[in-house]
Amino acid sequence: MLIRDEIILLLEQALKSAENAGTISSVPNHTVTVEHPNRQEHGNFSSNLPLKIQGLVKIKALDLAKIIIEHIPTHDAVERVEIAPPGFINFFLSDKWVAQQASVIASDDSFGQISITGEKSIQIEYVSANPTGPIHVGNGRGAAIGSSLANTFKFTGYQVQQEYYINDGGTQVLIFGQTLYARYLQLHGNEASLPDNGYPGSYMIDLAQEIKNQYGGDFMEQNNDSVIEQIGMLGIEIMIEGIKNDLKQIGVEFDSWFSEKSLMKENGQYRQIMSILTEKNQITERDGAVWFTSSELGESKDNVLVRSDGTPTYYATDIAYHYEKFIERKFDRVIDIWGADHQGHVSRLKAAIDSVGGNSEGLDVLLYQLVTLRRGDEIVPLSKRAGEIVTLANVVAEVGEDAARYFFLATGANQPMEFDLELAVKQSDDNPVYYIQYAHARISSILDLAVEQKLDSRNANTDLLSDAAEIKLIVSLLLFPEIVERVLSDLAPHHLAHYARELAASFHNFYGQCRVVQIEKPELSSSRLLLLEATRNVLARILGLMGISAPDSM
RNA sequence: GCCUUCGUAGCUCAGGGGAUAGAGCGAGGGUUUCCUAAACCCUAGGCCGCAGGUUCGAAUCCUGCCGAGGGCACCA
């Protein structure tokens, strides 16, 4: 159990005990919380319980605090409890107990795994960029958030499936095929113009070249209607390989690639949701199109499911897709990670999920604000000339995998993010990601030295870990499970990045204050080596969760 | 117009009911006969967009206003 939760328990027991003793009246339901105060003199944990319930028991908070602390049971970890105006109860952990935790953390690979209740199978769908072009910088943000979140869920014991939804159906893909075919014809010296709203990017020429290299003029000789579809599908396949490769560059690999087209089969999910909605009378025909009467469900308006030309909208296929997730694959919980430009889609999708028999409460949509790219003072336009975009691959090539992951992750999803290429590269020496990695490398280096000097942590005596810097470092380590908990409850992996930096700072400070390897003091050395092992465990873990490498030397 | 996210140090961002608001970068100063100086320590820098309200207590919650991004398609 987390020490935080044990302290909450102490407070609950104290309250109950005071009630039983008759010193205070019975308190109706309430939640006891503790937090980490900003200031050291307020202890390791602080509770506002007296302030919260003073009105209920009709005793002034400060007096109430006095009563409560008299009933707090003793606990190994707690050295003393103080009250502070206007009515806080502050807990100070004993240094001895804190020091002992170094031993626990060093030997426990599962340190940080919080106990979970409820659903344990979870699907996280992210990136899912259209396969009609290479993935861009904004997708990189979704990739970093999704991947780190998935890592953290997995670490905690969830069954996680990471999925990429391939939009390989619909009009976009048709236009993609037409564009590709036009480029292909041009490469063979034929006159051909791009379709309206085609894809002007030069990567389409490269793609056509690749197909030409592989298939020569095969597609020239065919003269049937399906040639565009064939060449389009071929192009999509190649694009997807490229996307997989780009994602691999930032350490992202999916368990599953789900094809939109597969929903359109004879008795597929698309047909099923259409018939369910028809049966439930939630569909109407208007202007030649088929509408979902979502306004009757409290949505701001109705939405088109089938266009007047008979093709389904993205909305309709997305309903089918989520029907497949919830009803067929039976995920308890689904997390979709989308760019903020899809915000308007959230509410109507949830409404539709409920209509087709799913439970939209199982769906969390995590929206991330869009990315602005900068180079120093200059804003880098995400799309340069017509169709030319700054790809994720460009950025990763420029700043490196680790820095890219860190920068994408470090800003909260709700916050619009500025990615400064100049900062990420030019100042790489002062880059937070190197700062964190350096802590790990330093530890490895000291551990190596210890081996040379024939020192190890077996003779550790945690009572010797009493320096302020040592205690502070262990206190930082003890925060790790709480961080994991927050990442999962808030779906906010940026906490990982900030915590990692704080932990690294605690370590670097310790390093400056306390020499580890000292031949003449083998017991102290041993104890500090134990602390290093504990720190390395947590640092390596958290870097792993963020998808950043933990180097042994730099 | 409606919906939504945001506004915190010169810059990039944490904190999202709690006590004297924090980091990094940038600025100024100091630290190395000793485990990696990609480090450590110190200093300067803030009406937390503005105005009301709720509360014992507001950067945090509510309302309004100002400013920025995104959305309001038979695009995805």
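Chain letters run A, B, ... following the sequence lines, proteins first and then strands; every chain starts at 1.
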Do any N or O atoms of the protein come closer than 3.5 Å to N or O atoms of nucleotides 27-34 of chain B, and which pairs are they?
{"from": "B:rC34", "atom 1": "O2'", "to": "A:Arg515", "atom 2": "NH1", "distance (Å)": "2.3"}
{"from": "B:rC34", "atom 1": "O2'", "to": "A:Arg515", "atom 2": "NH2", "distance (Å)": "3.2"}

Provide the full list of side-chain hydrogen bond (donor to acceptor under 3.5 Å, both in side chains) pairs with a residue in residues 470-479 of chain A, sequence neighbours left out, each pair given once. A:Glu470-A:Arg528, A:Ser476-A:Ser506
Would you indicate what A:Ala61 reaches in the nucleic acid, counting non-hydrogen atoms under 4.0 angstrom: base, sugar-phosphate, or nothing? nothing
Give A:Asn197 one of three labels, base, sugar-phosphate or nothing, depending on what nucleic acid heavy atoms sit under 4.0 Å from its own. nothing
For A:Asn38 and B:rA14, give me the distance from atom CG to atom C1', rounded to whole Å. 12 Å
Would you please classify the geometry between the A:Tyr164 ring and the A:Trp257 ring as parallel, tilted or perpendicular, with 30° and 60° separating the classes? parallel
Would you tabulate the pairs of protein nitrogen or oxygen atoms and nucleotide nitrogen or oxygen atoms of nucleotides 9-13 of chain B closer than 3.5 angstrom?
{"from": "B:rC13", "atom 1": "OP1", "to": "A:Pro416", "atom 2": "O", "distance (Å)": "3.4"}
{"from": "B:rC13", "atom 1": "OP1", "to": "A:Glu418", "atom 2": "N", "distance (Å)": "2.7"}

For a quick check, tell me whether the side chain of A:Thr171 and the base of B:rA76 share a donor-acceptor pair closer than 3.5 Å. no
Scanning both residues in full, the closest heavy-atom pair of A:Met554 with A:Ala441 reads CG-CB, 3.9 Å
What is the nucleic acid contact for A:Ser553, judged by heavy atoms within less than 4.0 Å: base, sugar-phosphate only, or nothing? base
In whole angstrom, give me the gap between the C1' atoms of B:rG67 and B:rG28. 34 Å
Taking the cut-offs as 6.0 angstrom to the six-membered ring centre and 45 degrees off its axis, would you call A:Arg4 and A:Phe45 a cation-pi pair? no
Parallel, tilted or perpendicular: which fits the ring planes of A:His345 and A:Tyr315, with parallel below 30° and perpendicular above 60°? perpendicular
Distance between P atoms of B:rA59 and B:rG52 (Å, rounded): 14 Å
To the nearest angstrom, the NE2-P distance between A:His495 and B:rA14 comes to 10 Å
Ion pair check, A:Lys325 and A:Glu125, cut-off under 4.0 Å: yes
Would you indicate what A:Gln54 reaches in the nucleic acid, counting non-hydrogen atoms under 4.0 angstrom: base, sugar-phosphate, or nothing? base
When the C1' atoms of B:rU55 and B:rG17 are compared, how many Å lie between them, rounded to an integer? 9 Å
Both A:Val516 and A:Asn90 contact RNA chain B. Which one's nearest nucleotide lies toward the 5' end? A:Asn90
Touch check for A:His508, heavy atoms < 4.0 angstrom, all strands: base, sugar-phosphate only, or nothing? sugar-phosphate
With heavy atoms under 4.0 Å as the rule, sort A:Lys301 into base, sugar-phosphate or nothing. sugar-phosphate
Roughly how many Å is it from CG in A:Asp490 to P in B:rU5, rounded to a whole number? 15 Å
Is A:Glu41 touching bases, backbone alone, or none of the nucleic acid, heavy atoms closer than 4.0 Å? base
With the stacking rule set at 5.5 Å and 30°, tell me whether A:Phe88 counts as stacking on B:rA19. yes
Would you mind classifying the nucleic acid contact of A:Leu449 as base, sugar-phosphate or nothing, using non-hydrogen atoms under 4.0 angstrom? sugar-phosphate
Looking only at side chains, do A:Arg405 and A:Ser148 share a donor and an acceptor under 3.5 Å apart? yes
Could you state the atom-to-atom distance from NE2 of A:His494 to P of B:rC6 in whole Å? 11 Å
A:Arg442 vs B:rA37: side-chain N/O to OP1/OP2 distance below 4.0 Å: yes
May I ask you to verify whether the side chain of A:Asn48 and the base of B:rG18 hold a donor-acceptor pair under 3.5 Å? yes
Over all strands shown, is A:Arg348 touching base, sugar-phosphate only, or nothing at heavy-atom distances under 4.0 angstrom? base
Toward the 5' end of RNA chain B, by each residue's nearest nucleotide, A:Pro37 or A:Asp552: A:Pro37
Would you measure the distance from the C1' atom in B:rG30 across to the matching atom in B:rA44 and give it in whole Å? 15 Å
Cationic N near anionic O, under 4.0 Å, A:Glu299 to A:Arg348: no
I'd like to know whether A:Leu180 forms a side-chain contact (heavy atoms from CB on, under 4.5 Å) with A:Tyr199, so could you lay out the CA-CA distance, the side-chain angles of the two residues, the decisive distance to 0.1 Å, and finally the verdict. CA-CA 8 Å; A:Leu180 186 56; A:Tyr199 295 87; over 6 Å; no
Could you verify whether a donor N or O on one side chain and an acceptor N or O on the other, from A:Glu482 and A:His36, lie under 3.5 Å apart? yes
Evaluate the ring planes of A:His342 and A:Tyr314, with Trp represented by its six-membered ring, and classify them as parallel (under 30°), tilted (30 to 60°) or perpendicular (over 60°). perpendicular
Looking only at side-chain N and O atoms, does A:Glu533 offer a donor or acceptor that is under 3.5 Å from a partner on A:Ser457? yes
Within 45° of the ring axis of A:Tyr511 and under 6.0 Å from its six-membered ring centre, is that where the NZ or CZ of A:Arg442 lies? yes
Within the 4.0 Å heavy-atom criterion, would you say A:Ala84 contacts the bases, only the backbone, or no part of the nucleic acid? base
So, is A:Asn414 close to the B:rC6 phosphate, meaning a side-chain N or O under 4.0 Å from OP1 or OP2? yes
Say we look at B:rC40 and B:rC25: how far apart would their P atoms be, to the nearest angstrom? 9 Å
Write down the distance separating the C1' atoms in B:rA21 and B:rC62, rounded off to the nearest Å. 22 Å
Distance only, no hydrogens: is a donor on one side chain within 3.5 Å (strictly under) of an acceptor on the other, for A:Asn459 and A:Ser526? no
Going by ring-ring contact (aromatic ring centres under 6.0 Å, His included), name the residues that satisfy it together with A:Phe510, two or more places apart in sequence or in a different chain. none
In this structure, which stretches of RNA chain B are paired as stems of three or more consecutive Watson-Crick or G-U pairs, both distances less than 3.5 Å? B:1-7 with B:66-72, B:10-13 with B:22-25, B:27-31 with B:39-43, B:49-53 with B:61-65
Taking any heavy-atom pair under 4.0 Å as a contact, classify A:Asp302: base, sugar-phosphate, or nothing. nothing
Is A:Tyr511 near enough to B:rA37 that one of its side-chain N or O atoms lies under 4.0 angstrom from OP1 or OP2? yes
Could you write out each protein N or O paired with an N or O of nucleotides 42-48 of chain B at a distance under 3.5 Å?
none

Would you indicate what A:Gly512 reaches in the nucleic acid, counting non-hydrogen atoms under 4.0 angstrom: base, sugar-phosphate, or nothing? nothing
Starting at atom OH of A:Tyr368, determine the distance to atom P of B:rC6, rounded to an integer number of angstrom. 17 Å
For the C1' atoms, the ones on B:rU63 and on B:rC74, what distance do you get once it is rounded to whole angstrom? 39 Å
Using modelled atom types and a 3.5 Å cut-off, is there a donor and acceptor pairing between side-chain atoms of A:Ser259 and backbone atoms of A:Ile166? no
Check: A:Gln369 side chain, B:rG69 base, donor-acceptor under 3.5 Å: yes
Would you say the base of B:rA73 and the side-chain of A:Asn303 have a donor-acceptor pair closer than 3.5 Å? no
Determine the Euclidean distance between corresponding C1' atoms of B:rA9 and B:rC47; express it in Å to zero decimal places. 14 Å
Counting heavy atoms not belonging to A:Asn197, are there more than 12 under 6.0 Å from its CG? no
Between atom CG in A:Leu447 and atom P in B:rC35, what is the gap in whole Å? 15 Å
